[in-house]
Amino acid sequence: MTVLPRPSILTIEPYVGGESKIPGVNRIIKLSSNEGAFGPPPKAIEAITQAAREAHRYPDGGATALRNAIGAKYGLDPARIVCGNGSDELISHLCLAYGGEGTEVVMSAYGFMMYDIAARYAGSRVLKVAEHDMKADIDGMIAAAAGPRVKIVFITNPNNPTGTLLPSSEIARLRAGLRDDVLLVLDSAYAEYVTEPGYDAGEKLVDAAGNTIMLRTFSKIFGLGGMRVGWGYAPAEIIETLNRVRGPFNVAAASQAAAVAALAEEGWEAKSVAHNNEWRGKVVAALEAAGIKVWPSHTNFILLDFGAPERAKAADAALKQRGLIVRAMGGYALPQCLRITIGTAEECQMVIDALTAFANG
């Protein structure tokens with residue numbers, strides 16, 4: 001007799017991360033996972049090294065120092081912050097705690113893939129709402145969430161993998177259009193890169209509306225993707241729920257130390273944002289001049305639209321010939337697109353040269 005999982009588990013397509021190797025190529029430029037262009041901050045590297053000497057000790061289960069550092073950085077109550085093994089862990093816990101068999105979860109068509117995976121893992125049915133011009137349809141999401149079985153709505157702003165940004169007023173309108181018993185999960189993984197006036201990463205909405213959680217990460221601008229540190233800010237009752245179900249030592253000691261140090265790295269965010277704005281602009285201008293469509297982005301990546309899956313595959317192959325790994329978008333139902341991280345100046349110039357040659361070939 002074969003032991004079988006719940007039927008909903010068998011509907012999940014495993015998450016496939018960005019590629020990191022090309023057979024036969026020695027120098028690899030990995031621009032497939034939206035990792036920070038400059039790697040970890042120096043203070044974070046030092047903190048990781050020091051933490052290694054205490055690797056035999058269990059970490060602080062409450063991530064007290066880290067929550068205090070986050071609270072001080074963003075002006076938030078540390079008691080209303082929860083830390084996770086990446087924001088992915090918190091996404092899964094939210095789906096298990098508030099979803100489950102017989103419930104439904106709403107997300108936009110091109111929302112982060114982990115929402116779909118975590119919701120199915122919990123046993124929920126996933127409702128994906130079509131987007132317009134690569135932007136979430138707020139009216140469509142409100143309508144989809146009107147059903148009595150809907151328990152969670154996920155939205156990312158700015159969005160991954162499209163890079164597009166909705167005005168904060170639209171996110172507030174989404175919250176206002178949902179029932180009070182529907183949890184809104186606002187994923188702001190790329191908040192630090194946004195320079196748009198009036199943008200609210202979610203702190204104000206959480207405080208004003210309730211029944212909302214803002215998720216953030218150290219994997220992008222802070223360059224700590226390999227350390228797996230995410231966090232959430234929410235009303236006290238949601239934080240209490242997550243603390244009931246998360247693992248007792250879910251964030252490693254070295255990861256906590258690295259995140260605290262990263263927050264203290266003077267000038268790191270300003271340097272990263274300035275570089276991102278400069279080179280994102282240069283790459284977009286060059287590729288558009290070469291006749292390649294690029295969707296507007298407010299993140300540290302861009303989404304290229306080649307019009308047809310075959311053309312996107314050919315562009316991907318041309319990039320790989322030069323050792324450049326980017327993200328194919330077939331898993332997001334965008335097979336005609338490629339997503340490219342804004343890397344260092346040298347890496348960005350390599351992308352420009354490779355795709356300009358491809359477009360002119």
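With Ser297 contributing its side chain and Thr299 its backbone, the two residues share a donor-acceptor pair below 3.5 Å. Side chain of Arg6 to backbone of Tyr121: a donor-acceptor contact under 3.5 angstrom is found.
No side-chain heavy atom of Ile239 sits less than 4.5 Å from a side-chain heavy atom of Ile81. No side-chain heavy atom of Thr212 sits under 4.5 Å from any side-chain heavy atom of Ile238. Put simply, the side chain of Pro335 does not reach to within 4.5 Å of the side chain of Met329, judged on heavy atoms. Side-chain contact between Ile152 and Val182 is absent, with no heavy-atom pair separated by less than 4.5 Å. In this structure, the side chains of Ile292 and Asp305 stay at 4.5 Å or more apart for every pair of heavy atoms.
Each of Leu165 and Phe301 belongs to its own hydrophobic cluster when Ile, Leu, Val, Met, Phe, Trp and Tyr are linked at side-chain heavy-atom distances under 4.5 angstrom. Hydrophobic clustering (side-chain heavy atoms under 4.5 Å, transitive across Ile, Leu, Val, Met, Phe, Trp, Tyr) keeps Phe112 apart from Leu166. No continuous path of hydrophobic side-chain contacts links Val153 to Leu242 [ILVMFWY only; heavy atoms under 4.5 Å]. At a threshold of 4.5 Å between side-chain heavy atoms, the hydrophobic network of Ile, Leu, Val, Met, Phe, Trp and Tyr places Leu183 and Val105 in one connected group.
Annotation: cation-pi pair Arg216/Tyr74 present, NZ/CZ under 6.0 Å from the ring centroid and within 45° of its normal. Geometrically, Lys271 engages Phe38 in a cation-pi contact defined by less than 6.0 Å to the ring centre and at most 45° from the axis.
For the side chain to side chain contact (heavy atoms under 4.5 Å, CB included) with Ile155, the qualifying choice from Val106, Leu174, Val129 is Leu174, the only one to do so.
At a threshold of 4.0 Å, the pair Glu288-Lys293 does not count as salt-bridged, since none of the basic side-chain nitrogens sits closer than that to a carboxylate oxygen. Under 4.0 Å is where a charged nitrogen must lie from a carboxylate oxygen, and between Lys73 and Glu269 at least one such pair does.
Using a 30° and 60° split on the angle between ring planes, Tyr115 and Phe154 fall in the parallel class, below 30°.
Donor-acceptor pairing under 3.5 Å is lacking for the side chains of Asp60 and Gln256. Checking Ser272 against Tyr193 by side-chain atom types alone, no donor-acceptor pair falls below 3.5 Å. Looking only at atom types and distance, the side chain of Asn159 has no donor-acceptor partner in the side chain of Thr164 under 3.5 Å away. Side-chain polar atoms of Thr156 and Asn160 form no donor-acceptor pair below 3.5 angstrom. A side-chain donor-acceptor contact under 3.5 Å links Lys30 and Ser33. Side-chain contact annotation: Ser219 with Arg228, donor-acceptor N/O pair under 3.5 Å present. Side-chain N/O atoms of Ser8 and Arg120 include no donor and acceptor closer than 3.5 Å.
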Q. What's the verdict on side chain to side chain donor-acceptor pair (under 3.5 Å) for Ser124 and Thr103, showing C-alpha distance, side-chain angles and the deciding distance?
A. CA-CA 5 Å; Ser124 300; Thr103 69; 2.8 Å; yes
Q: Evaluate the side chain to side chain donor-acceptor pair (under 3.5 Å) criterion for residues Asp207 and Tyr233: first the C-alpha distance (whole Å), next the side-chain angles of each, then the deciding distance (0.1 Å), finally the verdict.
A: CA-CA 9 Å; Asp207 289 339; Tyr233 175 67; 2.7 Å; yes
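In this structure, Phe249 has its ring center under 6.0 Å from that of Tyr58. Aromatic pair His298/Tyr199: centroids not less than 6.0 angstrom apart.
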